Participant: 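Before we start, here is the structure in question, set down as structure tokens.
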Amino acid sequence: WWSRLLGRLSQAYFSPRSIPLATACLAGYIVYQHCPLSLMRVDGASMRPVLNPVSSPDCGGAPWRDFILVRPVLNYEELRIDQLIVFLSPRDPNCVQVKRLTALSHDFVETKNSDKFPSSSFDACSSGFGLGGDGGSRQVIVRPWHLWLEGTQKGSEDSRVYGPVHQALVLGRVVGVLRLPPSVRSVLTAGARPRLLTVEAAIEEAEDSTVAGGQQRKPSGARGTVAAMSGPKQGLLVRDKD
């Protein structure tokens, strides 16, 4: 009976008609194992205009709906300034955030809230608090195995609030942005179309729109949260807490 069972299985799964499907499944499995990606929905306005930017008046002025492609970080040495990092909030491990990487370990940053950070998060350096009372700031150096992450909107809850983020909390980095039209009406009336952008293109568009609006080219940096739709973090749902 064992040989008959093997014979039937071989006929069912190794017939000429099943070879293309089996090959495609094997190729997909190999690609997923070597290049796992998660598709996450960006929720909130904290990373605007880099993510979820406001559309033009022709599209009704509603924000675009951004989905991000996130790749796990296997080697922290591959992290670079201006990358978008997805990580667990140091204050709430159930909250997933996306922020812009502005400083690496051993880099100097200037902050006004360093007296509120955990003592293990940074080393104080340089001149201490500047003049001006509450408006003063001081320079600190990011400790090893920590990252300085900032949003692009005023009032952002990021490293300027809770200090540097340990690398162990990093879930991955954004490698692509899928930008969907704000509404069906914008597609019909204004011809808006879905777009797939690189992170560099999304940042460049944001800086150009900031300059066009008469503001500084580099935004100043509200909490950006994401809701995972698929991939290793499938089923995760996070809401914005601006």
Side-chain angles (χ1 to χ4, degrees), residues 31-32 35-56 58-74 78-89 95-102 147-153 156-158 165 169-184 186-187 190-213 215 217-240 242:
V31 171
Y32 177 79
C35 186
L37 295 177
S38 297
L39 181 64
M40 299 183 175
R41 176 174 56 85
V42 181
D43 182 21
S46 67
M47 285 298 294
R48 189 171 294 163
V50 177
L51 299 175
N52 286 349
V54 177
S55 62
S56 63
D58 296 339
C59 296
W64 291 79
R65 296 174 297 170
D66 281 356
F67 291 77
I68 53 178
L69 292 172
V70 182
R71 175 179 295 171
V73 177
L74 303 179
E78 70 184 34
L79 296 179
R80 298 292 183 269
I81 299 298
D82 284 340
Q83 289 179 340
L84 301 185
I85 305 299
V86 178
F87 60 99
L88 298 178
S89 171
C95 179
V96 181
Q97 297 183 269
V98 54
K99 299 295 181 183
R100 190 171 178 176
L101 178 58
T102 58
L147 305 172
W148 193 270
L149 303 165
E150 296 185 4
T152 56
Q153 291 290 323
S156 174
E157 185 174 330
D158 50 32
V165 178
L169 298 177
V170 173
L171 299 179
R173 63 182 181 91
V174 181
V175 296
V177 179
L178 177 59
R179 183 157 294 169
L180 301 182
S183 62
V184 177
S186 64
V187 176
R193 295 290 183 270
R195 304 171 59 199
L196 183 59
L197 305 173
T198 62
V199 175
E200 292 77 10
I203 293 177
E204 184 177 356
E205 285 191 4
E207 292 177 343
D208 291 341
S209 65
T210 303
V211 172
Q215 303 176 13
R217 183 172 182 82
K218 189 173 182 179
S220 59
R223 164 182 290 186
T225 61
V226 293
M229 303 299 292
S230 64
K233 289 292 179 180
Q234 185 174 2
L236 180 64
L237 179 61
V238 184
R239 294 182 179 178
D240 206 347
D242 288 341

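Just so you know, these numbers come straight off a predicted model, no measurement behind them.
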Participant: Between Ser55 (side chain) and Trp64 (backbone), is there a donor-acceptor pair under 3.5 Å?
Facilitator: no
Participant: Specify the closest pair of heavy atoms between Pro182 and Arg65, including all atoms of both residues, with the distance to one decimal.
Facilitator: O-NE, 3.9 Å
Participant: Rounded to the nearest 0.5 Å, what separates atom CD1 in Ile85 from atom CD in Glu150?
Facilitator: 13.5 Å
Participant: With rounding to the nearest 0.5 angstrom, report the CG to CG distance, Leu197 to Asp66.
Facilitator: 8.0 Å
Participant: Might you work through the side chain to side chain contact (heavy atoms under 4.5 Å, CB included) test for Val174 and Gln83, ending with a clear yes or no?
Facilitator: CA-CA 7 Å; Val174 181; Gln83 289 179 340; over 6 Å; no
Participant: Which residue, Leu171, Val73, Leu149, forms the side chain to side chain contact (heavy atoms under 4.5 Å, CB included) with Phe87?
Facilitator: Leu149
Participant: If we check side chain to side chain contact (heavy atoms under 4.5 Å, CB included) with Val170, which of these qualifies: Leu101, Leu88, Leu147?
Facilitator: Leu147
Participant: Residues two or more places apart in sequence or in another chain: which of them pass side-chain contact (heavy atoms from CB on, under 4.5 Å) with Pro63?
Facilitator: Arg48
Participant: So if I apply the side chain to side chain contact (heavy atoms under 4.5 Å, CB included) rule between Leu39 and each of Leu69, Ile68, Val70, which one comes out positive?
Facilitator: Leu69
Participant: Are any side-chain N or O atoms of Asn52 and backbone N or O atoms of Met47, one a donor and one an acceptor, separated by less than 3.5 Å?
Facilitator: no
Participant: Roughly how far, to the nearest 0.5 Å, is CD of Glu207 from OG1 of Thr152?
Facilitator: 10.5 Å
Participant: Salt bridge (charged side-chain N to carboxylate O under 4.0 Å, His left out) with Arg195: which residues, sequence neighbours excluded?
Facilitator: Glu205
Participant: Can you name the side-chain contact (heavy atoms from CB on, under 4.5 Å) partners of Leu178, sequence neighbours left out?
Facilitator: Phe67, Leu180, Leu196
Participant: Can you name the residues that form a salt bridge (charged side-chain N to carboxylate O under 4.0 Å, His left out) with Glu78, not counting sequence neighbours?
Facilitator: Arg173
Participant: Within this structure, what is the CD-CG distance for the pair Gln97 and Asp158, rounded to the nearest 0.5 Å?
Facilitator: 8.0 Å
Participant: Nearest 0.5 Å, what's the CG-CD1 distance between Leu51 and Ile203?
Facilitator: 8.5 Å
